[in-house]
Every structure is written in structure tokens, then in C-alpha cells.
Amino acid sequence: MRWHTPPTFPDSPMELPLIRNDLTALVAEAVHQAQQQGVLPTLAIPDSPVERPQNPEHGDYASTLPLKLARSARMAPMAIAEAIKGRLPDSPAVGSVSVAPPGFINFTLDPGWLSNQVDEIVAHAASFGSVDYGKGERIQVEFVSANPTGPLHVGHGRGAVLGSALASLLAAAGFQVHREYYVNDTGNQIEVFQRSVWARYLQALGEDIAFPEDGYGGSYLVDLAAEVVAQEGDRYRVLGEQEGRPALTRLGMSRMMDTIRADLRDLGVHFDTWFSEASLYQDGAYETVLARLKEGGHLLEKEGAHWFQSTALGEDKDNVLVRSTGMPTYFASDIAYHYDKFERRGFPKGINVWGADHQGHVSRVKAAIAALGIDPARLQVVISQLVTLRRGNDVVRLSKRAGDIIALRDVLDEVGADACRFFFLSRSADSQMDFDLELAKRQSNENPVYYVQYAHARIASVLRNAAERGLEWSSGRSELLQHEAEQALVRKMLALPELIETAAEALAPHLLPHYAMELATTFHNFYEKCRIISEDDGPLTAARLKLAEATRVALARTLTLMGMSAPERM
RNA sequence: GCGCUAGUAGCUCAGUGGAUAGAGCGCAGCCCUGCGGAGGCUGAGGUCGUGGGUUCGAGCCCCGCCUAGCGCACCA
């Protein structure tokens, strides 16, 4: 139960250079010049990328390097700023540079250069926004990884959306991304599942037997048992408990995985590998890891069990790896799994998206892989916090009948994948969130999902309109786009590659929906202020149609990264 | 008790140590002779939980405290 699909390759490597990074380089060059000429003392320059000022009067970008340098250089920040400004190499992108107290260097982009970027954006189309931050490095993103013992719940949905958007983001940022689902198909929970399915099966055959107290009580197993009885009758009972029960369990698990895969598919989530926990025991990973830990003196035998001596590594407590019964714990599998990831398969980096209930597990796993000699910094864990489902002001309660979960399927059926994804993405993983079903399915201005998609549909409509009139805009002259609203739109689009880099670095997919809102707003503003198709100005019409197409490209890219559709009509 | 996370506008949430803390919704006004009004513009609304500290500069970093959620099994 370990199968592969072809790996995902990063987008075509024809990225636009990031103006942000160019400007940072210009500043560094100017500082270097100033140092050579003895105007600035020769000392280490702090890492100081240019930033985007919040006040537009301060230009498009600003450097605070003079402020940071003032103390160590023993110079007034304003003097440093002037020294840097005077030595900045020329750049076609930069329109003007000014120095502002107490020591900022402000850059304003050149309007002509800015409007010409529209051609670049249209030319890049679906790859617009991609950057080479990852430099093709392989990175594995592991997410969802729910047990194959029941359907996915809303919390899994959040992890699925976060993980898949993060994976897309990393791919756009130039990483070679591998998406993986770790299937916990062995161990204690499968034992419980086994007894639960068997009991439901016998009950479905009419036997009056007790359901295990710690069993999976959700109605989905009742349904599963009824299905099996309808399809195969008492075949498994005839085989007897020795043979029939494990066979039924395998069938049940496979049905559960089918359900999970269908839920994920409908949520727009796909994996390259479904990795079986059980395989770690068949291919020697588990033995290797135990032997290594033992060699390293990290194993301790106590009360018949084998413990990982994590207290010696600064952890709160030791943890059992092998129970006194000889059965390994989930923790042991997990160490073997990470060993397989980082050493056998050699992923330089891995990101795990885990639910809040696994938070205590993070430092243990890091300590364990460190004990194996793997740099724990190669593993990053994103913890996705709890979701509270609401209908308006009412909290949706868990039902015992459904197994004390709110099924992802129910939410998906009710609000649709796009709304589901947008809402899950718009809060940072760190924050607990409220998900309002009523708001998510409302088709009105209160719902941000529609606001963003509407902008895309509106542009598509204008472009259709232009096509019907036979308007040809591909040779439109973008330098005509000098209106304030037009320039603002280009500026906003150029923020996408920067956002992709920033969000990939910070593992922060929640920046995407916020950006999508801003881009949509900037477009709507342009649309109100600038008539796109005008009868009496052909050249301007062509230029604006090209701008509209560029905006559509940027919006579509953002929506795609979020795993949402970019509708031509609504 | 210990650990992790959160506390920012009425509500839901953004906010890479920098200039006057933002958005959406809600609220109050305003904008339709024309490309999709699921739109646009303006405004009111904030002791950034709290007390210290570091810094030229703190919503952001450090320490204490308060509140909430999650975790602290020979479960996963």
C-alpha cells in the first residue's frame, strides 16, 4: 500500500526578477561604494531588505539601512542615507529616490517602467508570480494523514487546505514539492478498528452482541457493515474470527481510505504518495532506527519496555518506543518514518502539517531525529489550530451518532470546495478559527469568496465583450497606462511574486486570500474610474484590455494557488 | 503544575523591529446615460489583554501576570 505518482516539478523557470531584491542589491552596492571611498566605515552590513512603506507618500519601497547602521558607523542616519543615495547605481525601474528623516531612503518606481510590466505579466501568464527562491530544492510536505478508521472531519479539512496551498506556494517559489499522506495502517487504532468493524458486522448479521466500549461508535461503521453484508453476506463469519476478522478489517480500511480520498479529491487536494506506516516494519526502517538509537545510547529498558531517553536531550519526559508487550508505539513508527523521509529518501527539508492535538509531539520527534544524527531544523511543523463550526451565532454541536465529529463531507456538500478553501486559508494556522456555514454559502457582498471570484468573472466578461466587437489588444501600448488607478493596479500585481516568496519562506498560505481581496479591490476601483472599452480611443482601449488581461492572469494565479476555481461566469 | 498557541475596531481577522496600526462585515452618508451594482467613494469606530524591560524606534523581541484553547498514556 505504497504507491507513487510522478513528482511535481516547479513551474517554468522564467521568473520576473523581484524589484524588491533588485533594490536591496542596489543599496548594498551603494554601501560598498561608499565604503571603498572611505565615506562609510568598513564594517559588516546588517541584512536589511527594502520594505514596503504603508504610507504611499513614502514611495513604493524604503530602506531603513541608515537607521540600522547609525550606531556602529557612528554617523548621523541622515548623512548615511545621503551617502547611499548619491551612490545608487541607475536602474530603469527606479523613478526617484529621496531621503526622509530620521534616515529613510524612499524609492518610487518609474511610471513608464511600471506600465510596461503589464506586457511581462501577460507574457508569463500562468507562471506569473513564480520565483526561484527554492532553487529547485526538494521539499516534502506531509499533511492530513488521518487514520484510516473513519471519515475526515472539519479539522482535517483545514489541515488539508493549508497543506495543499502551502505545497502549491512552495512549488511557485521554486521548490520541487512532494505531497505525502502518511497512512497509519497499523498499531493500536487499527486494533480498535478491527474490533469495532467485527462487532458491527456481526450485529448487521443479526447477532445481539455488545459493541466494544472503546470502539469507533460512529454510524459510518454501521453503514459499512450493512454494505458488506449486502454484498458478501456472512462470508467473513464463515471464515471465522481468525481469518475473517483481519480480512474484514483490510476491506474496511480500504473502504475508509476510498472515502477519505474522495473527500480530499472533492476538496481539490491531491497527493504524490500515500505512505504506509506498516511498510516501515516490512522494509527494516523500524529495526534500523531502534538499532541506531541503541548504539547512540538513547535507549533505556525499564519495566519491560524500551524507552527513548529524551530527558537526556532536554525533553520533559522519556517516551516509550516498545511496550512491554513487544508492540511498538506510534512514536516508534514516527521516528522510523522521519528516518525514511530524511535519510533513505533524502529530502533536504520536510514540512508536517499537524493538528493542534499533536503539538506536544513536535519537540519529541525533533529530539528523536536529532538523536539519529539528522539536523532537526530540516523538519518544520505547522500546527493547525481548532475549528469551531457555526451557523450564524449558533455553534454546530458534535453528535455521538456521527462519531463525535463534524464530517468534512457535510461541510463540503453544504458550502462547496471554493468557499471551504477560502475560509480555511484566510486565517493563519496558529489561530483558532470560527467557520460560519451561513456566511460561507451566502451569495452576497458579505461573502469575500464571491467578491474575489466576481472580479475574475467581471474581467472575463469585459474581455468576451471586446472579442465580440473584434477588438484586438495584444499589441496595445501599455505605456499609455498612466492613470493613477491603472498604476495602482500594476503595483498590486507586482506584489504577487514578492508575496509568493514571503509566504513560502514564512509557511504562511493565509497571505494569499488577503492578497486576493486587495487585488480584487484595486481592480474594481480601476473599473469604476477608467472606462475600458471606449468607442473614441482605440489605443487606450487596447492598452486597458491588456491591463485587464494581466489582472485576470494575476487573479487566476492567486486563485489557483489557493486551489480555487477562477470562474469566467458566475 | 509544566509546555505550545492565541488575546489588535461592535464582529471575523491581517499586520517580515521602522514613518499617521489595516482589511472585510456591520453602522452612517454618498455614487448608476455606457463594459457584470455580487461594484465604487467618504466617514465614525483602537489605552494593540496587563505590568515591566531591551532599542534611536516595540502590536512585533525579553521577563512577570491575567484570560481562553490544545497537549502533558506502555493512545494516536
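In what follows, every chain begins at residue 1, and chains take the letters A, B, ... in the order their sequences are listed.
With sequence neighbours left out, the salt bridge (Lys or Arg N to Asp or Glu O under 4.0 Å) criterion links A:R421 to no other residue. Legend: residues meeting side chain to side chain contact (heavy atoms under 4.5 Å, CB included) with A:T64, ordered by chain and number and at least two apart, are A:S48, A:E51, A:L67, A:K68, A:F104. Residues passing the salt bridge (Lys or Arg N to Asp or Glu O under 4.0 Å) test with A:E446 are A:R442, sequence neighbours excluded. Residues satisfying the side chain to side chain contact (heavy atoms under 4.5 Å, CB included) test with A:Y515, not counting sequence neighbours, are A:K492, A:A495, A:L496, A:L499, A:L519, A:T558. The salt bridge (Lys or Arg N to Asp or Glu O under 4.0 Å) check on A:E57 picks up nothing, with sequence neighbours excluded. With sequence neighbours left out, A:M327 forms a side chain to side chain contact (heavy atoms under 4.5 Å, CB included) with A:R323, A:T325. The side chain to side chain contact (heavy atoms under 4.5 Å, CB included) check on A:S145 picks up A:E142, A:Y182, with sequence neighbours excluded.
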Scoring nucleotides 17-28 of chain B by protein non-hydrogen atoms under 4.0 Å (B base, S sugar-phosphate only, - none) yields SBBB---SSS--
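Within the 4.0 angstrom heavy-atom criterion, base atoms lie near A:Q443. In this structure, A:M327 reaches neither bases nor backbone, as no heavy-atom distance under 4.0 Å exists between it and the strands shown. Residue contacts for A:L386: at a heavy-atom cut-off of 4.0 Å it reaches the sugar-phosphate backbone alone, with no base atom in range. Looking at heavy-atom distances under 4.0 Å, A:S461 makes contact with a base. Nucleic acid contact class of A:F331 (heavy atoms, under 4.0 Å, all strands): none. Within the 4.0 angstrom heavy-atom criterion, only backbone atoms of the sugar-phosphate kind lie near A:H510; the bases stay farther away. Among the heavy atoms of the strands, none lies under 4.0 Å from A:A70. Within the nucleic acid shown, A:S363 has no heavy atom closer than 4.0 Å to any nucleic acid atom. Using a 4.0 Å heavy-atom cutoff across all strands shown, A:E568 reaches at least one base atom of the nucleic acid.
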Nucleotide N/O to protein N/O under 3.5 Å, stretch nucleotides 45-47 of chain B:
none

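By the 4.0 Å N-to-carboxylate-O rule, A:R195 lies close enough to A:E191 to be salt-bridged with it.
Taking atom CD of residue A:Q359 and atom P of nucleotide B:rA76, one finds them 18 Å apart after rounding to whole Å. Look at NZ on A:K529: it is 13 Å from C1' on B:rG39, rounded to the nearest Å. A:E518 has its CD atom 13 Å from the C1' atom of B:rC13, to the nearest Å. For the pair A:Y515 OH and B:rU16 P, the computed distance is 18 Å after rounding to whole Å. Regarding A:D436, its CG atom lies at a distance of 11 Å from the P atom of B:rU12, rounded to whole Å.
A donor N or O paired with an acceptor N or O is found under 3.5 Å between the base of B:rC74 and the side-chain atoms of A:S324.
For A:R364, counting side-chain heavy atoms from C-beta on, the closest listed nucleotide (B:rU12, B:rA76, B:rA73) is B:rA76.
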